[in-house]
Amino acid sequence: MTVTTEAMPEPGVGRAAGMLVPPLCYLAVAAVMVGYTQVAPLDSIEQRSLTLGFLAQRTLEHIQLVAVSTVLVLLVALPLGILLTRRAMRWATPGVLALVNLGQATPAVGLIVLLAVIFQIGFWTAIVALVAYSLLPTLRNTMVGLEQVDPALVDAGRGIGMSATGVLRHVELPMAAPIILSGVRTTLVLNVGTASIAAFIGSGGLGDLITTGVSTQRTLILVTGCVLIAVLALLIDWLGGVAERLLAPKGLS
Amino acid sequence: MPEHGGVPIELRGVTKRFPGAGAPAVDRLDLLIPAGEIVVLLGPSGCGKTTTMRMVNRLEEPTSGDILIDGQNSRDINPNQLRRHIGYVIQQAGLFPHMTVARNVAQVPKLLGWDSRRIAGRVDELLDLVGMDPGLFRDRYPRALSGGQQQRVGVARALAADPPVLLMDEPFGALDPITRERLQDELLRLQEELAKTIVFVTHDVDEALKIGDRIAMMQRGSRIVQYAAPAEILTDPADDYVEQYLGGESSMKLLRLTKVGDIRLDRVPHAAEDADTERLLAEIEAGGDQYALIVDEARHPLRWVTVDDLAGRTGPVGDLGDPVGDTILGRMTLQDALESLLNADTDVVPVVGRRRVYSGVISLSTVQQAIQDIKARERERRRRRHDGPRG
């Protein structure tokens with residue numbers, strides 16, 4: 001018998017501190033970038049786009065776009081993924097996947113502009129585009145995660161008298177959790193990048209800095225926007241990693 | 001908590017057709033499984049034995065026919081409720097990897113709505129029962145257990161709510177031979193205590209012979225070719241199919257099947273160390289033997305004394321004679337006993353029962369006689385059965 005100590009060593013002070021190094025680095029980069037824009041000599045166009053208040057507002061908008069679209073993705077993808085893996089619904093899987101694939105395969109810019117033409121310019125149009133574009137990873141992973149659960153475990157669950165929903169809640173979803181969570185993480189990161197395009201249809205966000213930078217030929221504004229988006233993506237990816245580690249059930253790996 | 005014994009299960013004309021398959025997997029099967037017995041469904045892969053078992057707890061619904069558990073038709077019971085009162089053990093245990101050992105075992109009591117203190121107590125009790133130290137294993141995850149330990153937990157989980165019926169689907173199939181043997185022994189030990197009704201599916205002849213009170217030999221379509229006790233199946237296979245499946249060596253298999261404690265052992269005179277030498281000598285000669293066994297106050301065998309050791313002496317026997325080398329345990333199989341006999345220094349070896357108390361002696365000829373007796377007994381029973389209905 002292999003006597004493996006099951007309990008992972010409690011994340012001690014050193015460990016927790018080590019985990020905090022990457023996000024602190026990302027924040028430092030952002031701080032340096034923003035700090036520079038505050039001390040560098042700016043012309044009037046740059047000044048308008050690079051005040052602290054303006055940057056904070058654009059960042060907040062960006063986070064809103066990401067948060068709302070991700071929550072919507074979860075609300076759609078999780079139930080859909082569960083439904084499509086139930087035996088009675090398997091027939092619908094290819095069709096739905098083809099549709100969702102289409103959403104992701106369409107160039108994001110084209111999609112968002114098309115939607116703006118069809119509906120109108122604004123926050124919710126951007127959200128719809130983001131959801132369509134980033135639904136696939138979460139949906140796919142939910143389905144893959146549920147499908148790779150050992151059928152013997154489902155059988156064992158039913159065999160000891162769990163109901164179908166009981167097995168789903170207590171066996172299938174926990175077992176699929178790591179894969180689902182990594183899908184959600186991919187969706188989040190995709191959304192941070194894609195949300196930049198929302199600026200094209202006047203939905204704000206940090207993409208606004210990029211479009212302004214390009215149209216006014218102010219490299220500093222452009223670079224500031226790019227750096228802030230990158231930092232945001234890295235931070236959110238890091239948060240996703242932490243969530244994966246905290247939320248995944250113990251005893252699996 | 002008092003453990004409850006088993007209840008009878010009756011299958012009446014049970015048929016199972018899978019959609020798209022030509023022949024039914026189970027075809028009009030009648031089977032009576034008596035309360036408190038281990039019935040083994042034995043047959044090749046795909047013969048329908050697992051399907052048959054899975055219909056008992058309605059993991060598969062019979063296409064037609066009835067299954068009565070303790071007289072009650074299983075169709076009338078909600079499947080989830082039904083399964084909570086039927087223990088279910090599968091190959092490789094099927095433990096939930098994301099739950100600790102304790103949580104795995106606690107699943108059924110939780111479903112039955114027990115309070116947490118009662119569950120915790122029951123979990124520890126069960127881990128003890130299957131030979132696992134609760135303090136050591138309660139909080140481990142299945143991944144940290146060996147295959148054998150996982151299956152012990154699997155059995156504990158199945159027994160959690162003290163169900164009268166246990167279904168076991170090739171539970172020891174994936175284990176190494178030594179672990180398998182040990183778990184089989186422990187299942188038998190448990191069964192002595194619990195007397196559950198156990199339906200045990202396997203394709204392993206030796207396992208079936210060892211575990212089963214009765215064996216149902218199955219052919220394709222779950223057709224039962226023979227339904228009898230292991231000794232009868234061995235000595236009187238119903239047809240060529242059964243004989244072929246058993247794979248010959250029926251006498252060797254009988255050896256494996258029979259316990260030393262269950263055969264007629266030979267007797268030699270035995271006495272305590274304070275016994276009088278002359279009287280012991282007289283007793284030996286009266287019986288026509290050449291030797292006797294000296295035992296201590298607790299009747300543990302100590303030494304052999306021969307007629308020559310005793311001749312011409314008086315007073316208590318004391319420490320005359322040569323120490324007994326090996327002893328054979330009453331719960332050993334005849335096969336193990338044979339192995340010991342072949343390696344022993346003496347032709348005759350003492351047999352000890354519970355608490356190592358002397359219960360007789362055994363030699364190669366005792367074993368031979370025992371096998372002949374069993375065969376004769378089976379022949380006799382067969383003859384009586386064939387004659388019986390007419391008389």
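The chains referred to below are lettered A, B, ... by the order of the sequence lines, with proteins before strands, and numbering in each begins at 1.
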* To do: Determine which residues belonging to residues 35-60 of chain B lie within contact range of chain A, meaning some heavy atom pair is under 4.5 Å apart, and list them by number or answer 'none'.
  => B:Arg54, B:Asn57, B:Leu59
* Structure fact -> Under a 4.5 Å heavy-atom criterion, the part of residues 86-94 of chain B in contact with chain A comprises B:Ile86, B:Tyr88, B:Ile90, B:Gly94
* Does any heavy atom of chain B fall under 4.5 Å from the side chain of A:Asp155, the backbone, both, or neither of them? -> both
* What residue among B:Arg83, B:Arg84, B:Arg157 forms side-chain contact (heavy atoms from CB on, under 4.5 Å) with A:Ile160? -> B:Arg157
* Using a cut-off of under 4.5 Å for heavy-atom pairs, which of B:His85, B:His98, B:Gln81 has the most such pairs with chain A? -> B:His98
* To do: Decide if atom CZ of A:Arg86 counts as having more than 12 heavy atoms of other residues, nucleotides or ligands within a radius under 6.0 Å.
  => yes
* **A:Leu246, CG: over 12 other non-hydrogen atoms inside 6.0 angstrom** => yes
* Between CE of A:Met162 and NZ of B:Lys110, what distance do you get to the nearest 0.5 Å? -> 8.5 Å
* Heavy-atom contact with chain A under 4.5 Å, split by part of B:Leu82 -> neither
